[in-house]
Undergrad: 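Here it is, the structure in full.
Positions are given from 1 along the sequence.
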Amino acid sequence: MGVAALVAAVLAVVFTTLANLAMIRRYSPAISDIPADLPVTPLALVLGTSNWSLNGEPSVHFQGRMEAAAALYHAGRVQRLLLSGANPSIHYNEPQRMREALLRLDVPDDALVLDYAGRRTLDSVRRARDVFGARDLIIVSQPYHLYRALFLADADGLQAHGLAAAGPVLSERWRTEWREVFARVLAVLDIYLLGTKPHFPGDVANS
């Protein structure tokens, strides 16, 4: 490896480390796993994920987010839940699966708003502001994901807090958390360098 390549590699490691540490330190105080600790807001953004894991079992990530979102609503902290996720085909529809799960948890249908264009966390957060008019919101996801989501919300001028949902044990989630290390770096680049826009920045999809 040449000197230039070595320097570039060292700088990449340093940047990745600092970006992650800064993001975690900055947004940890805004995260709680207790709904009563969070402010009352009109809307909560529930970030989508598959309801099935790669091994064909029901997803612990999905179930944790649904239970947390339902608890938030039943605690009276929010009036509506914005269910934002991917909907690439008739066979994969994250918002619809979230709706079905929350109805089973006794959340009324008129409290559920579906966003079928949440292809990425950046898309979900930006659309919560631009399409659904959010200014203050609670974001529901696992803790590792919330740091990035809150960073993106902050960059979009939103007053946001995070409700930490339960997830798998560390031995079952370490790959996901390892990928998140690089996803946080990409989020920084999206905001400060690339100016990344949502895939569908306009009206809500009617899928």
Undergrad: Which distance, rounded to the nearest 0.5 Å, do you find between the CG of Leu102 and the CG of Leu83?
TA: 6.0 Å

Undergrad: Would you say Asp123's side chain and His199's backbone share a donor-acceptor pair under 3.5 angstrom?
TA: yes

Undergrad: Any side-chain to backbone donor/acceptor pair from Arg126 onto Asp156? Under 3.5 Å, distance only.
TA: no

Undergrad: How far apart are the closest heavy atoms of Arg148 and Ala183, and which atoms are they?
TA: CD-O, 3.4 Å

Undergrad: Looking only at heavy atoms, which two atoms of Val60 and Pro168 are closest? And how far apart?
TA: CG1-N, 3.6 Å

Undergrad: Let me know which of Leu152, Asp190, Leu45 forms a side-chain contact (heavy atoms from CB on, under 4.5 Å) with Thr121.
TA: Leu152

Undergrad: For the hydrophobic clusters of this structure (ILVMFWY residues joined by side-chain heavy atoms under 4.5 Å, transitively), does one cluster hold both Leu189 and Leu150?
TA: yes

Undergrad: Can you find a pair of side-chain heavy atoms, one from Tyr73 and one from Leu105, that are under 4.5 Å apart?
TA: no

Undergrad: Considering non-hydrogen atoms only, spot the tightest contact between Thr49 and Tyr92 and give its length.
TA: C-OH, 4.2 Å

Undergrad: Can you get from Tyr144 to Leu163 by hopping between Ile, Leu, Val, Met, Phe, Trp and Tyr side chains that sit under 4.5 Å apart?
TA: no

Undergrad: Could you walk me through whether Phe62 and Ser50 satisfy the side-chain contact (heavy atoms from CB on, under 4.5 Å) test, starting with their C-alpha distance in whole Å, then the side-chain angles of each, then the deciding distance to 0.1 Å, before giving a yes or no?
TA: CA-CA 6 Å; Phe62 179 88; Ser50 174; over 6 Å; no

Undergrad: Does the distance from a Lys or Arg side-chain N to an Asp or Glu carboxylate O, for Arg97 and Glu94, drop under 4.0 Å?
TA: no

Undergrad: So if you build clusters from Ile, Leu, Val, Met, Phe, Trp, Tyr with side-chain heavy-atom gaps below 4.5 Å, do Trp174 and Leu146 land together?
TA: no

Undergrad: Would you check if the side chain of Arg184 reaches a backbone N or O of Asn20 as a donor-acceptor pair within less than 3.5 Å?
TA: no

Undergrad: Starting from the C-alpha separation in whole Å, work towards a yes-or-no answer on side-chain contact (heavy atoms from CB on, under 4.5 Å) for Asp109 and Arg99.
TA: CA-CA 8 Å; Asp109 203 16; Arg99 174 181 174 271; 3.0 Å; yes

Undergrad: Measure from the side-chain N and O atoms of Arg77 to the backbone N and O of Leu38, and report whether any donor-acceptor pair falls under 3.5 Å.
TA: yes

Undergrad: If two hydrophobic side chains count as joined below 4.5 Å and joins carry through other members, does Val185 share a cluster with Leu193?
TA: yes

Undergrad: Testing the basics here: between His145 and Arg65, what is the closest heavy-atom pair and its distance to 0.1 Å?
TA: ND1-NH2, 3.7 Å

Undergrad: Quick one: do Val188 and Phe151 satisfy side-chain contact (heavy atoms from CB on, under 4.5 Å)? Show the steps, please.
TA: CA-CA 9 Å; Val188 173; Phe151 164 77; 4.1 Å; yes

Undergrad: Could you give the distance from CZ (Arg135) to CG (Leu158), rounded to the nearest 0.5 Å?
TA: 7.0 Å

Undergrad: Before giving the answer on side-chain contact (heavy atoms from CB on, under 4.5 Å), spell out for Met98 and Asn51 the whole-Å C-alpha distance, their side-chain angles and the decisive distance to 0.1 Å.
TA: CA-CA 8 Å; Met98 287 193 281; Asn51 59 319; over 6 Å; no

Undergrad: Distance check, rounded to the nearest 0.5 Å: Leu137 atom CG versus Phe132 atom CZ?
TA: 12.0 Å

Undergrad: List the atom of Val107, the atom of Leu103, and the distance in Å for their closest heavy-atom pair.
TA: O-CD2, 3.3 Å

Undergrad: Are Leu122 and Tyr192 joined in one hydrophobic group, where the rule is that I, L, V, M, F, W and Y side chains link up if heavy atoms are under 4.5 Å apart?
TA: yes

Undergrad: Which atom names give the shortest non-hydrogen contact between Asp33 and Ala164, and what distance separates them?
TA: CB-O, 3.6 Å

Undergrad: Using modelled atom types only, decide if a donor and an acceptor are shared between the side chain of Arg127 and the backbone of Phe200 within a distance under 3.5 Å.
TA: yes

Undergrad: Working to the nearest 0.5 Å, report the span between CG of Leu82 and CD1 of Ile138.
TA: 13.0 Å

Undergrad: Taking atom CD as the centre, does Gln159 end up with more than 12 heavy-atom neighbours from other residues, nucleotides or ligands that are less than 6.0 angstrom away?
TA: no

Undergrad: Return yes if some donor-acceptor pair links the side-chain N/O of Arg173 with the main-chain N/O of Gly167 below 3.5 Å, else return no.
TA: no

Undergrad: Is there a side-chain contact between Tyr116 and Gln96 in this structure, where contact means two heavy atoms from C-beta onward sitting under 4.5 Å apart?
TA: yes

Undergrad: Taking the side chain as every heavy atom from C-beta outward, state whether Asp115 and Val131 have any atom pair closer than 4.5 Å.
TA: no

Undergrad: Which distance, rounded to the nearest 0.5 Å, do you find between the CD1 of Ile191 and the CG of Asp154?
TA: 10.0 Å

